[in-house]
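Note sheet for the following structure.
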Amino acid sequence: MIEALIKATKTYLPNFDEKRVKDAFEFAKDAHDGQFRKNGDPYISHPLATAEILTSLHVDEDILVAALLHDVPEDTTRTLAEIESKFGKQVAFLVEGITKLSKVHYRNDMEERQIESLKKMFIHSAKDPRIILIKLADRLHNMRTMNAIAKPEKRERIARETLEILVPIANLLGTWELKNQLEDYCFKILHPEEFDEISTLVHRTEIKKKNILKKTLNKVTSLLETSGVKVSATEGRQKNVYSIYKKMLRTGKSFHEIHDLIGVRIIVEDVGSCYQTLGILHQAFTPKIGRLKDYIAIPKNNGYQSIHTTVFGLAGVITEFQVRTLDMHLENEYGIAAHYFYSEKKQKIMQKKFAKKYAWVQEILEMQRDIPNNKKFLEHLKLDVFEDRIFVFTPKGDVIDLPAGSNCIDFAYQIHSDVGMLATEANINGKRSLLSTKLKSGDTVLIVTSEESDGPQIDWLDGVHTTLARTRIKEFLREKDRTCVISQAEEILNQKLKVLGLGDIFELKKEQKIHALEKMKIDAWEDLLYDVGSGTTQSSEIIPLLFDQNEVLGAAKKPFYEDAYSNRNHQPLRGNPGIVHTVSIIVEGNNRIGFLRDLCNEIANLGVNVLGVESVPQGKCDSARIEFLVEIVDFKQYEVVVEAIRHVEGVFNVLKLQTPPLNPEEIIGFHKKL
Ligand code: MN
């Protein structure tokens, strides 16, 4: 059973410890004894296949051993400690990493944000790219044996998870071969008809092209040999089915337009040979204009190096050549795995490079491929390299990623603003906790909310770590301030209206408000109240806009006795006003000597003519109720008069008589009452 693995490993790791790998196999086989895969195979077939897949990436011995053992701690009675004592720290570390990754769960209805978090968590919890390589191989084998899973929904969920989480990561690590295979398996499950159609076409054209490809490879090899160029390898290239499908969708081109060309890759010893090869190719075949790309002289942003040229090849078939050195090839093809390739010396250098925390992410970023839909992911990832993150679960199992140091409030806001807004306490791993409790990776957090919550408190700002929470809390506090200001303004205005006998603020009609808003050029009633409350606008400016002057003060007419306005001894502040409203004002206050005099003085000082006064003692004569009949020019003067009266010592209430007498006869009647 294990012979194939040993053989494959020998091809690139001639000096590996064969016994150690065999021991790992036996250990795993023993541990999984009696367990079977869904397809009926003994369970050991799965870790073995996982290891075999990894040999195609030329991974090191520890990775192979870890791959063989990867499901042992999770699914058997054998422990990680046993693995460590038998196979060493490195292997135990890798196996533990895989076990942790199995706790990252994907659901079908996940939002994009959560998928992003999941990808990040995946990479974060992997800690080491080797763990991800094992996981990718593990998944590839699971995808290969997917038919054994009876439920189509489960197959689809796994395919979607693979496509959304693992494929981008495989892409990121530059492990193209794994990525392509994973993609095609997913494609087959998720779009079986399209998959069949395209793969049939691929298969058919492949047969046609095979002959030409073979001839081309032969011709190129002999051309290069006669010119003295040492060729490491030549190979025909194939696009995977899914990428053909994507390209068809993207470009709108037909399958044949995309696929009817052949691709040949030539790997040579050094950079000089690359250019020499290019010259030879261009002498032998007519190049297509504008298709020569020298990514050796000018590598792609992601570090990709190769020379590309497209020519009219044998039998007129368009042929694309890629020429590169072996080093470039390894980097380009195997990505992160290239660092575990071939010589142990090289491995050591690379491992040193990786020893630094997160250095590998840096490596990945340097090697990042220019795949547009991965751009966002990479941007996010970049941030995470510089800031430690924690990954916390919702009770449903969604992953929320937060900067390290975040507390429950950060978490609450990350879920939803309303959750933050109404949060009252938290429950961390089943234990009641304060909202200010700092979270750790792996915590499961439930935020208790209540409609009765007072909302965010100012001291929340001390503990929060995310910009989101900070912004929302500040917004709320500002809004809360605003609410206070508005309700204060409402009170002020209401009092004023009552004093002026204009009723209650809540009885204002819509038309009244709209009229005032239009005059003030303000959009919303609350904004207007805010202006009043914050002192930008005086309530005295607003009130006249809410009411019709004649309606409130009665119709305007000539003063009852015009000569009253020419009395110079009473320092009239205005001359004859022309027209006036006759208004009845009732004052209630503490009875004292000079009370009536003081009131009359105030009114007279404002140049307001008093037509009549009626004073009636109240209760035990300790208070008085005095009614003035005055001539008022306009709303503004009316308010000034009321204000002035209010400030006379002893006054505790000023009221407007709702229906003041309007004609002289009634006024005379008023006098008669006196
Ligand atoms: Mn597995």
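Counting convention: from 1, in listed order, for ligands and their atoms alike. Side chains are part of it too, since the values below use all heavy atoms of this structure and drop only hydrogens, waters and symmetry mates.
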Please find the N/O/S atom of [X] nearest to the Mn ion (ligand 1) and write down its name.
X: His46; answer: NE2
X: Asp71; answer: OD2
X: His70; answer: NE2
X: Asp138; answer: OD1

Under 4.5 Å between any side-chain heavy atoms of Val392 and Leu402, yes or no? yes
Does His141 put an N, O or S atom under 2.8 Å from the Mn ion (ligand 1)? no
Stepwise ring-ring contact (aromatic ring centres under 6.0 Å, His included) test for His308 and Phe321: CA-CA 6 Å; His308 293 188; Phe321 287 104; over 10 Å; no
Can you establish whether the number of heavy atoms outside Arg144 located under 6.0 Å from its atom CZ is more than 12? yes
Check whether Arg20 reaches the backbone of Phe87 with its side chain - one donor and one acceptor, N or O, closer than 3.5 Å. yes
His191 vs Phe187 aromatic rings, parallel, tilted or perpendicular, using cut-offs 30° and 60°? tilted
